[in-house]
Engineer: 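Just passing along the structure, written as structure tokens.
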Amino acid sequence: MRRPSIAELFGTGLLKTTVVLTPMFATSYGIASGAVQQLPQILSGHAQIVAEGQAAVEQVAEASDAPLSEGRRKQITANSRDETVAKITIWQEIGGLVGRFLLAALTVRIVRRRTRLRIFQLPDLIFVPLLFWWISTSLGNAESLVNIKTGIFIAALLTVAQFSFWGNYIPRVFPLHLHGTGESFAANISGRIIGTAAAWLTLTFWAATPPDPGKIALVGAVVAGLYCLVGAALSFIMIEPESETLDE
């Protein structure tokens, strides 16, 4: 076991692995950061959630002996909104958990890792952009929350499963002494810088005064779609590990 070096990740025999893996790893984080994790902000403009916030304010106002201040009204509205949004985003968490279990089940049935990844990656390419485009058009429909719950469950399942895939894939494409270095490089440079830059892109291009939740969803659809497209394209040249073992 020799001392690892970041330069070795770009050396002979590992250059293609690193150059392909870095943007591919980033795409999974980009889908989550650019679209899926923006759902709470998007739902703040949903017709049903807005109506529930107004109803909560009216209920408190009727029970109060004095008129409510503007600050108190905003607080009640925010609490109502956060409570409803939390009930919806829990489906995102459940979907992610199911995705991890599903990937684990497929691991024992499908040998080729490229095939395993594409089972989640290719549906993501179609589903997530279409879901957020549809959400951008349905915020005024009070009946659409049930479908949003189902959609975000599926989107999280397809996306989070890819996170688990990378944790299992990376140690098998780098030599033993570079396992930690390769995984750290992918997580910090690729995931946390290139991947989470998707959130910056979404927040930058949707910027509007006053905030427009429909535009957030639409921009999120575009950003996630671009990240998905890059990941799907690079999957055709990703390295297939020669062995399932972690030996040198």
Side-chain angles (χ1 to χ4, degrees), residues 26-57 74 77-96 98-99 120-163 191 194-233:
T27 59
S28 300
Y29 276 83
I31 298 165
S33 301
V36 176
Q37 292 178 0
Q38 303 302 324
L39 188 65
Q41 294 188 75
I42 295 169
L43 290 178
S44 66
H46 193 278
Q48 181 177 331
I49 294 176
V50 172
E52 289 178 356
Q54 293 172 345
V57 170
K74 289 181 178 180
T77 301
N79 290 342
S80 173
R81 180 189 63 231
D82 292 347
E83 182 178 352
T84 305
V85 168
K87 292 178 180 177
I88 297 170
T89 55
I90 189 64
W91 289 96
Q92 175 182 328
E93 302 300 326
I94 295 172
V98 172
F120 302 97
Q121 190 183 54
L122 297 182
D124 225 12
L125 170 62
I126 299 171
F127 185 80
V128 172
L130 286 180
L131 171 65
F132 280 84
W133 170 81
W134 171 79
I135 291 175
S136 75
T137 67
S138 64
L139 291 177
N141 179 6
E143 305 299 324
S144 64
L145 281 185
V146 173
N147 293 329
I148 291 176
K149 290 178 184 178
T150 303
I152 203 62
F153 171 87
I154 297 172
L157 184 155
L158 296 172
T159 303
V160 175
Q162 295 177 50
F163 296 163
I194 302 174
T196 56
W200 177 83
L201 292 172
T202 299
L203 296 175
T204 298
F205 287 105
W206 77 260
T209 305
D212 184 352
K215 188 177 179 181
I216 302 176
L218 185 59
V219 174
V222 174
V223 171
L226 291 174
Y227 273 78
C228 286
L229 189 61
V230 170

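Just so it is clear, the values below take in all heavy atoms, side chains as well, and ignore hydrogens, waters and symmetry mates.
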Engineer: Among residues at least two apart in sequence or on other chains, which ones pass salt bridge (charged side-chain N to carboxylate O under 4.0 Å, His left out) with Glu93?
Structural biologist: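 Scan of Glu93 (salt bridge (charged side-chain N to carboxylate O under 4.0 Å, His left out), adjacent residues dropped) gives none.
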Engineer: With rounding to the nearest 0.5 angstrom, report the CZ to CD1 distance, Phe205 to Ile216.
Structural biologist: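 So the CZ of Phe205 and the CD1 of Ile216 are separated by 15.0 Å.
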Engineer: Taking all atoms of both residues into account, what is the closest heavy-atom pair of Ile194 and Tyr227, and its distance?
Structural biologist: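 The answer is O-OH, 2.9 Å.
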Engineer: Can you check whether Gly231's main-chain N or O pairs, donor with acceptor, with Gln121's side chain at less than 3.5 Å?
Structural biologist: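 Side chain of Gln121 to backbone of Gly231: a pair is present.
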Engineer: Where do Pro213 and Ser44 come nearest, in terms of heavy atoms and distance?
Structural biologist: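 What the structure gives for the nearest pair is CG-OG, 4.0 Å.
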Engineer: So which heavy atom on Ala232 is nearest to which on Leu122, and how close?
Structural biologist: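 Looking at all heavy atoms of both residues, the closest pair is CB-CD2, 3.9 Å.
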Engineer: Sequence neighbours excluded, which residues qualify as side-chain contact (heavy atoms from CB on, under 4.5 Å) partners of Val85?
Structural biologist: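 Testing Val85 for side-chain contact (heavy atoms from CB on, under 4.5 Å), a comparison that skips the adjacent residues, returns Pro40, Leu43, Ile49, Arg81, Thr89.
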Engineer: Test of understanding: with side-chain contact (heavy atoms from CB on, under 4.5 Å), list the residues that count as partners of Glu52, not counting sequence neighbours.
Structural biologist: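 Partners of Glu52 under the side-chain contact (heavy atoms from CB on, under 4.5 Å) test: Gln48, Ser80, Thr84.
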Engineer: Show every side chain to side chain donor-acceptor pair (under 3.5 Å) that has at least one partner inside residues 138-156, sequence neighbours left out.
Structural biologist: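 The answer is His46-Ser144.
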Engineer: If you look at every heavy atom in Tyr29 and Phe163, which pair is closest and at what distance?
Structural biologist: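 Minimum heavy-atom separation between Tyr29 and Phe163: N-CE2, 3.8 Å.
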Engineer: What are the two closest non-hydrogen atoms of Ile31 and Cys228, and how far apart are they?
Structural biologist: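 The pair with the smallest heavy-atom distance is CD1-SG, 3.3 Å.
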Engineer: State which residues pass side-chain contact (heavy atoms from CB on, under 4.5 Å) with Ala156; sequence neighbours excluded, sorted by chain then number.
Structural biologist: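 side-chain contact (heavy atoms from CB on, under 4.5 Å) check on Ala156 returns Gln92.
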Engineer: Drop me the distance from Ile152's CD1 to Leu39's CG, to the nearest 0.5 angstrom.
Structural biologist: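 The CG atom of Leu39 is 4.5 Å from CD1 of Ile152, to the nearest 0.5 Å.
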Engineer: How would you list, by chain and number, every residue that makes a side-chain hydrogen bond (donor to acceptor under 3.5 Å, both in side chains) with Thr159, sequence neighbours excluded?
Structural biologist: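 Scan of Thr159 (side-chain hydrogen bond (donor to acceptor under 3.5 Å, both in side chains), adjacent residues dropped) gives Asp124.
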Engineer: Identify the two heavy atoms, one from Trp206 and one from Gln41, that lie closest to each other, and give their separation to 0.1 Å.
Structural biologist: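 In terms of heavy atoms, the two residues are closest at CZ2-OE1, 4.0 Å.
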Engineer: Between Ser136 (side chain) and Ala217 (backbone), is there a donor-acceptor pair under 3.5 Å?
Structural biologist: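 Judged by distance alone, no pair lies under 3.5 Å.
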Engineer: side-chain contact (heavy atoms from CB on, under 4.5 Å) with Val57: which residues, sequence neighbours excluded?
Structural biologist: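 Listed in chain order: Leu68, Arg73, Ile76, Thr77.
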Engineer: Ignoring hydrogens and angles, write down the donor-acceptor pairs under 3.5 Å from the side chains of residues 125-135, residues two or more places apart or on other chains.
Structural biologist:
none

Engineer: By the side chain to side chain donor-acceptor pair (under 3.5 Å) test, which pairs, at least two apart or in different chains, include something from residues 211-221?
Structural biologist: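 Sorted pair list comes back empty.
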Engineer: Return the set of residues passing side-chain hydrogen bond (donor to acceptor under 3.5 Å, both in side chains) with Ser33 (not counting sequence neighbours), or none when no residue passes.
Structural biologist: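 Listed in chain order: nothing, the list is empty.
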Engineer: Please list, chain by chain and in numerical order, all residues satisfying salt bridge (charged side-chain N to carboxylate O under 4.0 Å, His left out) with Lys87, sequence neighbours excluded.
Structural biologist: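 If we apply the salt bridge (charged side-chain N to carboxylate O under 4.0 Å, His left out) test to Lys87, skipping adjacent residues, the hits are Glu83.
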Engineer: So if I apply the side chain to side chain contact (heavy atoms under 4.5 Å, CB included) rule between Phe153 and each of Ile88, Ile90, Val98, which one comes out positive?
Structural biologist: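 Output: one option passes, namely Val98.
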